[in-house]
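One is the number of the first residue; the rest follow in order along the sequence. Atom set for the values below is all heavy atoms of this structure, side chains included, hydrogens, waters and symmetry mates excluded.
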Amino acid sequence: NLKSLIFDSKLRDEQKEIWYEFIKVLAEDDAMIILKTIQEDETALSFLTENLEKKIKAIKTGDKNSWKDIIKREKDYIESK
């Protein structure tokens with residue numbers, strides 16, 4: 001499952017904590033999509049982790065432009081797969 005994959009990854013502990021919190025509110029279907037994506041592309045976990053960190057920062061600072069850039073980058077990444 002996604003939580004096990006994150007636990008076994010080489011992410012830093014604080015990054016793993018971000019994922020654990022995210023997984024708590026993630027719908028099961030969405031978790032399965034993310035799991036499949038990470039299993040199929042070894043760069044996906046790093047990209048998605050970086051995006052989660054950036055989203056948290058944008059929310060904390062209220063930076064709407066940054067949020068839009070993050071979402072665009074994520075969309076471009078997904079469409080390139």
Legend entry - Those residues that, when tested against T37, pass side-chain contact (heavy atoms from CB on, under 4.5 Å) (two or more places apart): I33, A44
Inset, instruction - Any pair with a residue in residues 56-72 that passes salt bridge (Lys or Arg N to Asp or Glu O under 4.0 Å), sequence neighbours left out, goes on the list, sorted by first then second residue, please. - result: K72-D76
Inset, instruction - Applying side-chain contact (heavy atoms from CB on, under 4.5 Å), run through E50 and Q15 and close with a yes or a no. - result: CA-CA 9 Å; E50 181 181 324; Q15 291 173 316; over 6 Å; no
Inset, instruction - For E42, check salt bridge (Lys or Arg N to Asp or Glu O under 4.0 Å) against everything at least two apart and list the hits. - result: none
Inset, instruction - Linking directly or through intermediates, with side-chain heavy atoms under 4.5 Å: list the remaining ILVMFWY members grouped with I59, chain and number order. - result: W67, I71
Legend entry - Note, T49 side chain near L11 side chain (heavy atom, < 4.5 Å): yes
Legend entry - All side-chain hydrogen bond (donor to acceptor under 3.5 Å, both in side chains) counterparts of E14, not counting sequence neighbours: R12
Legend entry - Members sharing I70's hydrophobic cluster (side chains within less than 4.5 Å): none
Legend entry - Pairing residues for S4 by the side-chain hydrogen bond (donor to acceptor under 3.5 Å, both in side chains) criterion, not counting sequence neighbours: N1
Legend entry - Set of residues satisfying side-chain hydrogen bond (donor to acceptor under 3.5 Å, both in side chains) with respect to K24, sequence neighbours excluded: E21
Inset, instruction - For L26 and L2, run side-chain contact (heavy atoms from CB on, under 4.5 Å): C-alpha distance rounded to whole Å, both residues' side-chain angles, the deciding distance at 0.1 Å, then the answer. - result: CA-CA 11 Å; L26 194 60; L2 183 56; 4.0 Å; yes
Inset, instruction - Please identify each residue that fulfils side-chain contact (heavy atoms from CB on, under 4.5 Å) with Y20, with sequence neighbours left out. - result: K3, I6, F7, K16, E17
Legend entry - Gap between atom OG of S46 and atom NZ of K10 - 0.5 Å precision: 12.5 Å
Inset, instruction - Might you work through the side-chain contact (heavy atoms from CB on, under 4.5 Å) test for I56 and F22, ending with a clear yes or no? - result: CA-CA 11 Å; I56 291 167; F22 181 63; over 6 Å; no
Legend entry - Heavy-atom check, side chain of Y77 versus side chain of N51, under 4.5 Å: no
Inset, instruction - For D30, enumerate each residue passing the side-chain hydrogen bond (donor to acceptor under 3.5 Å, both in side chains) test, keeping only those at least two apart in sequence or located in another chain. - result: none
Inset, instruction - Apply side-chain contact (heavy atoms from CB on, under 4.5 Å) to S80 and list each qualifying residue two or more places apart in sequence or on a separate chain. - result: none
Inset, instruction - Apply side-chain contact (heavy atoms from CB on, under 4.5 Å) to L5 and list each qualifying residue two or more places apart in sequence or on a separate chain. - result: L35, I38, Q39, L45
Inset, instruction - Calculate, to the nearest 0.5 Å, the distance between atoms CZ and CZ belonging to R73 and F47 respectively. - result: 4.5 Å
